[in-house]
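Okay, structure first, notes after.
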Amino acid sequence: MSEETKTLTQEDENKLIAQRREKLTALRENGTAFPNDFRRDSLAAGLHGLYQDKTTEELETMQVRVSVAGRMMAKRVMGKASFTKLQDMSGQIQLFLQRDNLPEGVYNEGFKKWDVGDLIGAEGVMFRTKTGELSIKVDKVRLLTKALRPLPEKFHGLTDTETRYRQRYVDLIMNWDVKETFKLRAKIIAFIREYFNEHEFMEVETPMMQVIPGGATAKPFETFHNALDLAMYLRIAPELYLKRLVVGGFERVFEINRSFRNEGVSTRHNPEFTMLEFYQAYADYHDLMDLTEDLLRRLATDVLGSATVKYQGEEHDFSRPFKRMTVFDSILEYNNDITAADISSIEAARKVAEALSIPMKNSYGLGKIQLEIFEKTVEHRLKDPTFITEYPKEVSPLARCNDTNPFVTDRFELFVGGREIANGFSELNDPEDQAERFRKQVMEKEAGDDEAMHYDADYIRALEHGMPPTAGEGIGIDRLVMLLTDQPSIRDVILFPHMRQEAEPQD
RNA sequence: GGGUCAUUAGCUCAGCUGGUAGAGCAGGAGACUCUUAAUCUCUUGGUCCGGGGUUCGAAUCCCUGAUGACCCA
């Protein structure tokens, strides 16, 4: 037993657990502690679906025999008869147990001694109680797994956020809506997968451990491969590998998986997060905006069942065309006191930024300053779905330059509810331009920006073989799920969010 | 990184100006064959987050640390 396990066990041991442990010991002596030979034929929700419309008399005539298994969530004993609520993966169903309808001793020596939280299996006949609740009249019942720890109080449940995240298993047992959120998350991801498969994209898996972390500006996690004697990084994005595949001739690829960024945690950031990235050859960023709009609209209507997405008290109609606006125009639109001239020269823009008390570095060019002003004054106000386009080249080291205005790139980001949901652009497939931009990033890294990109020579080599004109996009799945499930914190859509270490009891 | 708030029984929470730490649920014993936050009687249970300090006396006031939530950068 490890030191940590020992302290945890000793600290948490209390009378309630000790009593249950004694019951378990008795079960062990009977040789029936952890059986695995019970098989059920029905789920709670399935039974409700099949028999909710049947009357007491119909059920009496039908004599439907079922077996169910799950966790005992409530137990109400009234002398020689009892009710209990059984919870399985689908929902809950009430069981009715009578001493005289069970084999000798099962009721008094078994059931009455079991605890709320125990896992049981039961067989019986469907019926309706006097109050009309669909239930099972049980004639066989077994304890399948003894729960040593008591569940939280049944009425208020588990509300302490810290315990909910640290002991998600208890949260899932007690809070059905939490389960629903994660079921919805699974549905959203399944729908996205289906959508891209239908559009002839191929799902791929690219390295999560990379020698040169690329595809985004962010601080990576470092690790080490002993056998290869090689320093490695957890990926911050799959982008450069996916584009290598486009070079290789997989002209439509997508990947849904984790990326890692060595940054703080907040309601919007988890160190590991799930991203969808996809690349389509012979398409540009306008095509991807159209695709994104269609995808989100169908997600809302097909998965949520409504084109209107409610998020934190605000409604967003996904059936209407999403707004499209350039970074430049959006700054003017949301700042009445800023003129076009104010953000068209670096000197003027610097003054605007200083007035907004944005911390500035000498290395910032006009593009970076514009983006800072945008993030400070516009971003959080973009509630309804809005594509912001034409990001400055300076802050878009992997995006293709605009043909008419080389200061900006053919890039967009999608905002909903004041949050960035997606980022896409026509890809830079000019290897010489890309090499030049990598060199610029390396200079910034050497100047102290630890989020700046590395020079990836193999990626340049791939581009030198010729990447078809391509557009690519990344969508933050966690944030998308937050939006579609109306959750205010990223921790509510990640099953096991990262937290600080639990405090160790001091000796 | 900065600010605000929180941490008391297994869970959900009270605890006022500093004066013997409480309730409900859960648990234990008993009653009860249609309950559903079942009910009724009796009852067990505490490192008041940790560490310092002030005081005759601290869950309460002060300092410090830990963890969490929210806001800001």
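Chain identifiers are assigned alphabetically (A, B, ...) following the order of the sequence lines, protein sequences preceding nucleic acid strands; residue numbering begins at 1 within each chain.
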Taking the side chain of [X] as its heavy atoms from C-beta onward, which of [options] lies nearest to it?
X	options	answer
Glu153(A)	rG68(B), rA69(B), rG10(B)	rG10(B)
Arg166(A)	rA69(B), rU67(B), rA26(B)	rU67(B)
Met78(A)	rU35(B), rG68(B), rC11(B)	rU35(B)
Lys376(A)	rU35(B), rC70(B), rA73(B)	rA73(B)
Lys130(A)	rC34(B), rU67(B), rU33(B)	rC34(B)
Phe96(A)	rC34(B), rU35(B), rA69(B)	rC34(B)
Ala81(A)	rC70(B), rU12(B), rU33(B)	rU33(B)
Lys15(A)	rG28(B), rA69(B), rU44(B)	rU44(B)
Lys154(A)	rU67(B), rA26(B), rC11(B)	rA26(B)

Discussion item. Can you work out whether Lys80(A) or Lys113(A) has the more 5'-proximal nearest nucleotide on RNA chain B?
Written reply: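 Looking at RNA chain B, the more 5' nearest nucleotide goes with Lys113(A).
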[N], OP1 or OP2 - any side-chain N/O from [X] closer than 4.0 Å?
X	N	value
Thr159(A)	rU12(B)	yes
Arg491(A)	rC70(B)	yes
Arg76(A)	rA38(B)	yes
Lys23(A)	rG28(B)	yes
Arg128(A)	rC34(B)	no

Worksheet item: Pick from Thr159(A), Val170(A), Val178(A): which one makes a side-chain contact (heavy atoms from CB on, under 4.5 Å) with Arg164(A)?
Response: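 Among the candidates, only Val178(A) passes.
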Please give, in whole Å, the distance from [N] [atom2] to [X] [atom1]?
X	N	atom1	atom2	result
Lys112(A)	rG28(B)	NZ	P	12 Å
Phe155(A)	rG10(B)	CZ	P	22 Å
His269(A)	rC70(B)	NE2	P	14 Å
Phe127(A)	rU33(B)	CZ	P	16 Å
Gln19(A)	rA29(B)	CD	P	8 Å

Worksheet item: Is any side-chain heavy atom of Val481(A) closer than 4.5 Å to a side-chain heavy atom of Leu184(A)?
Response: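 Answer no - side chains too far apart.
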Worksheet item: For atom C1', what is the distance between rA21(B) and rU39(B), given to the nearest Å?
Response: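 Result for the C1' pair: 29 Å, nearest Å.
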Answer with base, sugar-phosphate or nothing: what part of the nucleic acid does [X] contact at a heavy-atom distance below 4.0 Å?
X	result
Gly264(A)	nothing
Arg164(A)	nothing
Gln98(A)	base
Val116(A)	nothing
Asp100(A)	base

Worksheet item: Should Arg166(A) and Glu162(A) count as an ion pair when the cut-off is N to O under 4.0 Å?
Response: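 Yes, Arg166(A) and Glu162(A) are salt-bridged.
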Worksheet item: Is Thr129(A) side chain donor-acceptor paired with the rU35(B) base, going by distance under 3.5 Å alone?
Response: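 In this structure, the two groups form a donor-acceptor pair.
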Fill in: Any donor-acceptor N/O pair under 3.5 Å between rU7(B) base and Glu162(A) side chain
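Answer no: no donor N or O sits under 3.5 Å from an acceptor.
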Worksheet entry | Crowding at CD, Gln63(A) (>12 non-hydrogen neighbours, <6.0 Å) |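 Yes - once you tally the heavy atoms of other residues, nucleotides and ligands closer than 6.0 Å, there are more than 12.
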Worksheet item: Just wondering, are more than 12 heavy atoms of other shown residues or ligands nearer than 6.0 Å to CZ in Arg39(A)?
Response: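 Above 12, so yes.
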Worksheet item: Roughly how far, to the nearest 0.5 Å, is CE of Met73(A) from CE of Met174(A)?
Response: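 It is 4.5 Å, given to the nearest 0.5 Å.
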